[in-house]
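Presented below is the structure to which this report refers.
Count residues from 1 along the sequence.
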Amino acid sequence: MGSLWSPGLNYINFELLILSWMDETKPDIQRQSPASSQIYKDIHSCQPTHIYTCVTFPQVGRLIIGHHGLMSTPAISCVIRKYKAIGGIILSASHNPGGPDGDFGIRFNTANGGPAKEDVTNKIFQISRTIEEFAICPGLRVDLTTLGKQTFDLENKFKPFTVEIVDSVESYANLLRNIFDFAALKELLSGENHIKIRLDAMHGVVGPYVKKILCEELGCPANSAINCVPLEDFGGHHPDPNLTYAADLVDSMKDGQYDFGAAFGGDGDRNMILGKHGFFVTPSDSVAVIADNIFCIPYFQHTGVRGFARSMPTSTALDRVAKATKIELYETPTGWKFFGNLMDAGRLSLCGEEHFGTGGDHIREKDGLWAVLAWLSILATRRQSVEDILRDHWRKYGRNYFTRYDYENVDVDAACEMMEDLEIMIADKSFVKQRFAVEDKIYQVEKADNFEYTDPVDSTISRNQGLRIIFSDGSRIIYRLSGTGSSGATVRIYIDSYEKELIFEDTQVAC
């Protein structure tokens, strides 16, 4: 829905579009959320103390906002589900640079706590073409610094109109307490033989959650967590938790003083896992290792495991775990909404994507802090290092060497033309069975297509999700256009090379 972010569509009239859509679809929403008519608002990358202007919301009687206007993306999913809200509006730079001169986006999550599906965003876009005016309440003062309810007399259906400021950190922490063994984690992190960890919140919104859960509750020293004060411009940095943008964390790990490291994205949904000396765990390997050790997490001991899923560009490491454990594996397009649909249908327990996203069915968003606690649970159970756990995993399943190249700010027309030409080439019948030599290894094309996904729950079809070249040994090359950058087009090329024997090579050499 690139057209949704058209010039002039600011956050206030976007809220009006959402609420107009709610008005038109209200019978369906009431069936999903019978308790009350509520909506949540999450303001990322800014810390206002008051809201002075408010849109008149004819069909909404309760607005809930995070303390100081902040919630992580996982927390807003948690809070939507906890209070049975009809949806949530998220204002965020996501994993891009923020601030007055940085990026800014608006997302809408529905009653399940996850990203809106295309039928919802398409409806919002259609409404945006018909709205001619909206009403505001100038001078309305909402105190974001004080927890509790505030009431107002507005010209809408509900009397009074209620704004509630909530402690989303505590709500989210309580959710995690019911998933993980906090006693075992506290012993790992602050007991007699505790490990040393280093956590970088990258001045994103997750900082207060890290401090509360890892430091105050699980006993990590306060200096274990850095950059935990949320800043509107992320301190001038790019809050994408990878080897490039979290280089300070990587450098701090190299001398071996820390056993475990992690970085979090600006929204708190993405994560990067590091071992001693900066040993890097790819996101594809991360979700596969969690899957293989999933019963180290008490939550899954009680619920069982319904299914695994990965986005199409993510390496097939998870597939091998699914096959060995005889658990259903789903391959979806990129986008967490596809995972949410499977979870709502009771088909999915654990999922991940190569862009540093991992999560479970406790909420309907990727969850960086959940992924870190999952890894720490594995360490607490197995009493091995991160590197030793990965090496054991590769010995058992073989290794998927995975790398991704991003070509950003590309001319849109040129990028589309390139993708069209490439699709024509791989669609030719003669392309399949072609053989390519790389040093002493031969790769034979087994399949080439433009990935298409039919949702097993509602049978909706998502076409043109990326060009795939799949080789007979399971290795793959993927080409995909992405729309999550700040400007222009982004062409992503994914290389997934499977090895059964040579499992301890350098990734850039092996790929």
Side-chain angles (χ1 to χ4, degrees), residues 243 273-296 305 307-332 350-356 358 375 378-379 382 384-405 426 431-449 451 466-479 493-511:
L243 295 174
I273 303 297
L274 300 173
K276 203 177 187 74
H277 302 292
F279 180 84
F280 174 59
V281 181
T282 71
S284 299
D285 276 342
S286 180
V287 68
V289 169
I290 294 172
D292 197 42
N293 295 274
I294 198 163
F295 294 114
C296 294
V305 181
F308 298 140
R310 61 169 176 83
S311 64
M312 182 273 287
T314 302
S315 93
T316 57
L318 181 62
D319 305 40
R320 303 181 196 286
V321 177
K323 183 178 180 180
T325 55
K326 295 181 172 56
I327 293 173
E328 187 76 20
L329 186 284
Y330 300 93
E331 181 182 33
T332 74
L350 173 71
C351 53
E353 60 181 19
E354 50 74 35
H355 197 175
F356 298 91
T358 318
W375 263 95
I378 295 169
L379 296 182
R382 294 184 53 168
Q384 290 177 280
S385 69
V386 171
E387 183 171 354
D388 285 345
I389 288 171
L390 255 295
R391 288 178 174 271
D392 283 353
H393 186 86
W394 295 335
R395 291 186 185 98
K396 182 177 180 180
Y397 292 104
R399 181 178 179 185
N400 286 78
Y401 289 93
F402 182 86
T403 191
R404 186 182 94 186
Y405 297 95
I426 68 172
F431 186 74
V432 176
K433 302 302 182 185
Q434 282 194 33
R435 295 158 65 89
F436 299 90
V438 180
E439 295 182 347
D440 59 347
K441 186 168 182 177
I442 302 296
Y443 292 90
Q444 180 171 311
V445 178
E446 184 174 277
K447 182 179 181 180
D449 64 8
F451 181 59
L467 304 180
R468 301 187 300 176
I469 302 171
I470 304 173
F471 299 95
S472 56
D473 69 342
S475 298
R476 306 178 305 154
I477 300 176
I478 311 294
Y479 296 83
I493 302 176
Y494 311 82
I495 301 174
D496 178 14
S497 179
Y498 178 70
E499 289 286 348
K500 184 62 178 175
E501 303 296 335
L502 301 175
I503 56 176
F504 300 129
E505 303 300 309
D506 179 80
T507 296
Q508 297 306 316
V509 174
C511 286

Shortest non-hydrogen pair, P313 vs F402, comes out as O-CE1, 3.2 Å

By side chain to side chain donor-acceptor pair (under 3.5 Å), which residues pair with S284, not counting sequence neighbours? none

V287 vs F308, side-chain contact (heavy atoms from CB on, under 4.5 Å): CA-CA, chis, key distance, verdict: CA-CA 9 Å; V287 68; F308 298 140; over 6 Å; no

Do V289 and I378 come close enough that some side-chain heavy atom pair is under 4.5 Å? yes

Determine, step by step, whether E353 and R310 satisfy the salt bridge (charged side-chain N to carboxylate O under 4.0 Å, His left out) criterion, reporting the C-alpha distance in whole Å, the side-chain angles of both residues, the deciding distance to 0.1 Å, and the verdict. CA-CA 6 Å; E353 60 181 19; R310 61 169 176 83; over 6 Å; no

Between W394 and I503, which heavy-atom pair has the shortest distance, and what is it? CE3-O, 3.5 Å

Judged by atom type as modelled, is there a donor-acceptor pair below 3.5 Å linking the side chain of D319 to the main-chain atoms of L329? no

For the pair E446 and R468, evaluate salt bridge (charged side-chain N to carboxylate O under 4.0 Å, His left out) and give the outcome as yes or no after the intermediate values. CA-CA 11 Å; E446 184 174 277; R468 301 187 300 176; over 6 Å; no

Pairs in or reaching into residues 273-288: which pass salt bridge (Lys or Arg N to Asp or Glu O under 4.0 Å), with residues at least two apart or in two chains? D259-K276

Looking at Y498, is its backbone amide N or carbonyl O close enough to the side chain of S475 to form a donor-acceptor pair, meaning the two atoms are under 3.5 Å apart? yes

Check: Y401/D506 side-chain N/O donor and acceptor closer than 3.5 Å: no

If you measure from CG on L467 to OH on Y494, what distance do you get to the nearest 0.5 Å? 11.5 Å

In terms of heavy-atom contacts, E354 and T314 come closest through N-OG1, 2.8 Å

Kindly compute the distance separating CZ (F471) from CD1 (I442), expressed to the nearest 0.5 Å. 11.5 Å

Pick out which of D292, D388, D392 makes a salt bridge (Lys or Arg N to Asp or Glu O under 4.0 Å) with R382. D392

Kindly indicate whether the side chain of L379, heavy atoms from C-beta on, has any atom under 4.5 Å from the side chain of V386. yes

Nearest 0.5 Å please: distance from the CD1 atom of I477 over to the OG atom of S497. 9.0 Å

Separation of Q434 CD from I426 CD1 (nearest 0.5 Å): 11.5 Å

My understanding is that only residues two or more places apart in sequence, or in another chain, count here; which of them pass side chain to side chain donor-acceptor pair (under 3.5 Å) with K441? D473, E499

Would you call F280 and L243 a side-chain contact if the rule is heavy atoms closer than 4.5 Å? yes

What is the distance from atom CG of L318 to atom CG of L350, rounded to the nearest 0.5 Å? 6.5 Å

Just wondering, do V321 and H393 contact through their side chains at under 4.5 Å, heavy atoms? yes

Does S286 reach the main-chain N or O of T282 with its side chain, forming a donor-acceptor pair under 3.5 Å? no

Check the pair F436 / Y443 against ring pair (Phe, Tyr, Trp, His ring centres under 6.0 Å), numbers first and verdict last. CA-CA 5 Å; F436 299 90; Y443 292 90; 8.8 Å; no

Between CZ of R399 and CZ of F504, what distance do you get to the nearest 0.5 Å? 8.5 Å

Does atom NZ (K500) have a neighbourhood of more than 12 heavy atoms from anything else shown, all under 6.0 Å? yes

All heavy atoms of N400 vs all of S315, minimum pair found to be CB-OG, 3.7 Å

Check step by step if side-chain contact (heavy atoms from CB on, under 4.5 Å) holds for L390 and F279. CA-CA 10 Å; L390 255 295; F279 180 84; 3.9 Å; yes

